[in-house]
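As the structure is a computational prediction, the values presented were derived from the model and not from experiment. Position 1 is the first residue of the sequence; numbering continues from there. Values below: every heavy atom of this structure, side chains too, minus hydrogens, waters and symmetry copies.
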Amino acid sequence: MSEYLDIKKQLQACRSKEETFKSLVMLSKQLPRLSDDEKVEENKVKGCESAVWLISEEINDSRHFKADSDAKLMRGVLFAILSIVEGKSVADIQSMDIQAELTDLNLSSYLTSSRSNGVLAILEKIIAS
């Protein structure tokens, strides 16, 4: 959770769309890349403008996620989203208001309607996993 709080603090400090973009690109560099073997159709998130892959596994009643995208901005958004849900139980994830958390991250002004649809598709896949 402290990683999420650090990301929240960083993004809330942004005063413009340009600053938010730069912060997201910096965050994108912290998201480990998926291998080509992991970038398969079954891991692809449908409904995203960019190519996005999401892998979820359960270890000791906790969900763990790996994700990647061909777009730097989306990789930063993925890193922020995963900081909210990583290591939580399925029940905890399903009871969270992840959209409200994302609003707290100050991303709403940056996400276009097509990107917002992609984020919703990512959230749906996380909740369903």
Inset, instruction - Sorted by first residue and then second, give each salt bridge (charged side-chain N to carboxylate O under 4.0 Å, His left out) pair with at least one member in residues 25-34; sequence neighbours left out. - result: Arg33-Asp68

Inset, instruction - Salt-bridge test for Glu38 and Lys66: reply yes if a basic N is under 4.0 Å from a carboxylate O, no otherwise. - result: yes

Legend entry - Student check: side-chain heavy atoms of Gln10 and Leu27 closer than 4.5 Å: yes

Inset, instruction - Could you check Asn43 against Leu54 for side-chain contact (heavy atoms from CB on, under 4.5 Å), going step by step and ending with a plain yes or no? - result: CA-CA 5 Å; Asn43 294 332; Leu54 179 71; over 6 Å; no

Inset, instruction - Decide if atom NZ of Lys39 counts as having more than 12 heavy atoms of other residues, nucleotides or ligands within a radius under 6.0 Å. - result: yes

Inset, instruction - First locate atom CD of Glu42, then atom CH2 of Trp53, and finally report the distance between them rounded to the nearest 0.5 Å. - result: 14.0 Å

Legend entry - Candidate pair Ser69 and Arg75, rule side chain to side chain donor-acceptor pair (under 3.5 Å), full reasoning: CA-CA 5 Å; Ser69 176; Arg75 286 177 47 74; over 6 Å; no

Legend entry - Separation of Gln12 CD from Thr20 OG1 (nearest 0.5 Å): 11.0 Å

Legend entry - Residues, nucleotides or ligands: over 12 heavy atoms within 6.0 Å of Asp36 CG: no

Inset, instruction - Check whether any side-chain N or O of Glu86 sits under 3.5 Å from a backbone N or O of Leu82 as a donor-acceptor pair, and report yes or no. - result: no

Legend entry - Whether Gln94 side chain and Ile127 backbone form a donor-acceptor pair below 3.5 Å: yes

Legend entry - Val85 with Val90, same ILVMFWY side-chain cluster at under 4.5 Å: no

Legend entry - Ile7 side, atom CD1; Gln30 side, atom CD - distance, nearest 0.5 Å: 6.5 Å

Legend entry - From CZ (Phe21) to CD (Glu19), nearest 0.5 Å: 13.5 Å

Inset, instruction - Can you see which heavy atom on Val45 is nearest to which on Ile122, and at what distance? - result: CG1-N, 3.8 Å

